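Beneath this line is the structure, given in C-alpha cells, with notes to follow.
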Amino acid sequence: MTEAHDFTEHHADPGTPLPELRTALEAVLLVVDEPVAEVVLAQVVERPTEEVGALLREMAAGYDTEGRGFELRNVSGGWRLYTRESCAPYVERFVRDGQQARLTQAALETLAVVAYRQPVSRSRIAGIRGVNVDGVIRTLVSRGLVTEVATERESGSILYGTTAYFLERLGLGTLDELPPLSDYLPDPYSLDEDDVSISH
Amino acid sequence: MTEAHDFTEHHADPGTPLPELRTALEAVLLVVDEPVAEVVLAQVVERPTEEVGALLREMAAGYDTEGRGFELRNVSGGWRLYTRESCAPYVERFVRDGQQARLTQAALETLAVVAYRQPVSRSRIAGIRGVNVDGVIRTLVSRGLVTEVATERESGSILYGTTAYFLERLGLGTLDELPPLSDYLPDPYSLDEDDVSISH
Amino acid sequence: MASRDPSAGDEIRLPDVEDHSAESFHVHLAQFEGPFDLLLSLIAKRQLDVTLIALAQVTDEFIAHIRSRGEDWDLDQASAFLVVAATLLDLKVARLLPSGEVDDEDDLALLEARDLLFARLLQYRAYKELAAIMADRFAREGRRFPRAVPMEPTFLALLPEVLLGVGAEQFAAVAVRAMAPRPEPVVSIDHLHAPKVSVREQAVLLAARLRAAGQGTFRGLTADAGAVLVVVARFLALLELYREGAVTFEQMSPLGELHVRWVPSDVANAELERWAHETGEIDDYDAPAPQEQP
C-alpha cells in the first residue's frame, strides 16, 4: 500500500478471484469478537473442519515463529487472536494512556438511551439513534457502564441495562433517582427541532 | 519536525526480553478500536514519530505482498487494521448489520459540495445545488458524515463541514486526498471558483 | 466519453459507452440521441451548442419518461432534471441574446450572466461526477471491516475511570435529545406555493382584449398581471394563440417592444370557444402542484 490512496482505483469487480483459504481465515479472525469454534469457521470458508483445523494450528505456529505481535489461541473450544504476551508492557501503556477517559458524545447519548429504556436491545437502540450502535455498545460494556441483563424471549436478542458502576459515576443511589424525562421535554406547543437539538 | 522523543531503554523486568518494535506495534494495533495517530503510537513504543511512521508504512506494504487477511491503513489521520477487501464475501457472513444504508443521489451530491466547500452554509449549498438542502443536510448530520463547524460572523449562518467519520468511511487519510475539484471543471472555470457560486 | 466527429457537422456521434441502465433518461433529438447526462456533458464541454437543442422536446420526453414509470418515479431524478433544465433554459436565453457588439453596461451584464450560467452548469456537473466517485468509494470501503473487538480481559482493568462529564440533570437532557424523533427528510415545497395559473384561461382573457382592441403590446397586455407567473402564463398563452393563427407578432428591434395583432379566424375562435368552456383543466404549463414525497 502506498501512502496516498489512489482515489480513482476501481473497486473489485465480481470477477476478483477469491482469496486463499489462509487469507480468508485471517480476515474472519480479525473481526470475531469471541472465540469461534473450528466447525463454524469451516462453515464460513466452506471447507472440511479437519482441513481448517490443521491450517489454524499451522497459522498459530507461524505467528509464533515469525514473531508477530499477535497470537492465535485455541481457548475454550474456539479460536481468537490475542496480543502476544511479550508485548504486554506496550499494550498496557496504550490502554492506560491512549484511551479516552471521557466518553464521546455518541457514547453518552447511547448510554442515555440505555439508561431510560432498559432493558433494551441493540436493534431498538439503533432504531432510536438512527445509526448502528454495535461499536458504541461494545465500548460501554467494556467500560463497565452497560451490561447484558436478559435475552428477549421471542427474538433471542440480548437486552442491555446499566450497571451499579454507572449509577456511581452519575452520583446516584438507584435508577429511580434518574431525573424524569418529562421535566426536560420541551413544551409541546413550542416543539421545534432546533429546541431539541441545541444543547449548548 | 518535532524533537525526537526521549528514547529510554527498556525498563521491563530483565527476565522477558522486549519485543522488536514491529512486533510491539502489531500488538498495539490489535487492540485499537479507532484510527490511532502516529504520534500516539510513537509515544507508546517510545520511538521518534518518523521512525514509527516509516515502519508502519513498511508493515502495511508487507501485509499486502504477503497476502494477509488484513490490511493496515492510514485513514482519517490514524492507523487501523481492516479486513482485506477480497475477503469481504467471507467476512460479511460474520458481521452483523455490516451494511450501511446507502445514501441517495441527492445526499451524495450535497455531501460532495460540503466536502469541497467546507466550511459552507446551507444557503450557499442550496445555491450550488439549485434546490433546498435542509432535509438532506439533516440526514447527513444524523449519519455522522457532516457536522456544524462554525457560525458565520456576519450572517449568523451555521457553517457545515465533514467529519472524521466521513474520512474513515471513504478510507481517506485527510481531505487533501480528495480528487481536486479542478480536475472536474474545464480549465477557464477552475481558476476562480468563488465567482462561480454566487449565482443568486 | 464522446468525442466530436469532425465529418459530422453538428451531428454528435455517440459511442455506445457509459452505463445505460433502463432507469436512466434518454433523449431523442435531431442533433443528439442518448442519455440526458451525456447531453449535459457535451454542452458543458462546448461540443454541442445549447441553442441547437429543442429544450421543449427534451422536457416533453422527460415528462413522458416520468409518466411511464407510473407511481414509481424517482424524485431525485426529477428534481435533478428540473435544476439542469432550468439552467439550460437560462443559458439558452442568454446565448440567444445579441452578442455582436458590447455597447453598454447592460450588454456586458448579460454576457457576464451568460458566463455565470455556463459556469454554474459546469459546477453542477462537476459535483455530480464527484458524487459518483464518492459513491464508488463508499461501496468499496464497505467491503473492508475495521478491527473492533472487545478488550482482552487482561487489559480491561487498566482502562481509565470513565468520565461522564455531565451531572444527572444534564444526562436527562442528553436522553431527551437522543430520543427525540428524528425529522424525516422531506423535500421542501415552500417555493412551490404559487397559485395555479391556467395558460388557457389567460389565452381566453387575452383573446377577448385583443378582439376588442385589435392590437396591443406585450407590456400593455401584462401590465395588470401582478405576478411573474401570470406574465409567464400570458406569454405562453400568446404563443398558443400564435400557433392557432389568432395573433401575429412584430418586434422592430431585439429586446424592443413586442407588438401583438389580432387576426380574426374562425378556426381560432372555435378553439378559444372550447378553451373557454373547459373549466378546471390542468395544463402542462400550470404551476406544479405541491408534491408530497412518496
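Since this is a predicted model, take the numbers as computed values, not measurements. In what follows, chains carry the letters A, B, and so on, assigned in the order in which the sequence lines appear, proteins first and then strands, with residues in each chain numbered from 1.
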Counting only heavy atoms not in A:Glu177, do more than 12 fall under 6.0 Å of its CD?
-> yes
More than 12 heavy atoms of other groups within 6.0 Å of A:Glu152 CD | yes
Determine, for B:Arg84 against A:Glu26, whether the closest basic-nitrogen to carboxylate-oxygen distance falls under 4.0 angstrom.
->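 Looking at A:Glu26 together with B:Arg84, the answer is no, because their closest N to O distance does not fall below 4.0 Å.
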Is the shortest distance from a Lys or Arg side-chain nitrogen in A:Arg68 or B:Glu66 to a carboxylate oxygen in the other one below 4.0 Å?
->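 Here A:Arg68 pairs with B:Glu66 in a salt bridge, since their nearest N and O are under 4.0 Å apart.
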Go through the atoms of B:Leu30 and report whether side chain, backbone, both or neither lie under 4.5 Å from a heavy atom of chain A.
-> side chain
Can you say whether B:Tyr82 sits under 4.5 Å from chain A via the side chain, the backbone, both, or neither, judging by heavy atoms?
->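 Interface part for B:Tyr82: backbone (N, CA, C, O).
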Rounded to the nearest 0.5 Å, what separation is found between the CG atom of A:Leu41 and the OH atom of B:Tyr90?
-> 13.0 Å
Rounded to the nearest 0.5 Å, the CG atom of B:Asp33 sits from the OG atom of A:Ser142 at a distance of 7.5 Å
B:Val44 vs A:Asp97, side chain to side chain contact (heavy atoms under 4.5 Å, CB included): CA-CA, chis, key distance, verdict | CA-CA 8 Å; B:Val44 168; A:Asp97 304 340; over 6 Å; no
B:Val91 and A:Ala27: which non-hydrogen atoms are nearest, and at how many Å?
-> CG2-CB, 3.8 Å
Would B:Glu46 and A:Arg93 satisfy side chain to side chain contact (heavy atoms under 4.5 Å, CB included), going step by step from the backbone distance to the final call?
-> CA-CA 11 Å; B:Glu46 295 177 323; A:Arg93 186 180 304 155; 3.2 Å; yes
Knowing that exactly one of B:Val45, B:Val28, B:Leu29 qualifies, which makes a side chain to side chain contact (heavy atoms under 4.5 Å, CB included) with A:Phe94?
-> B:Val28
Find the one option among A:Ala106, A:Ala88, A:Gly67, A:Ser123 whose heavy-atom pairs under 4.5 Å with chain B are most numerous.
-> A:Gly67
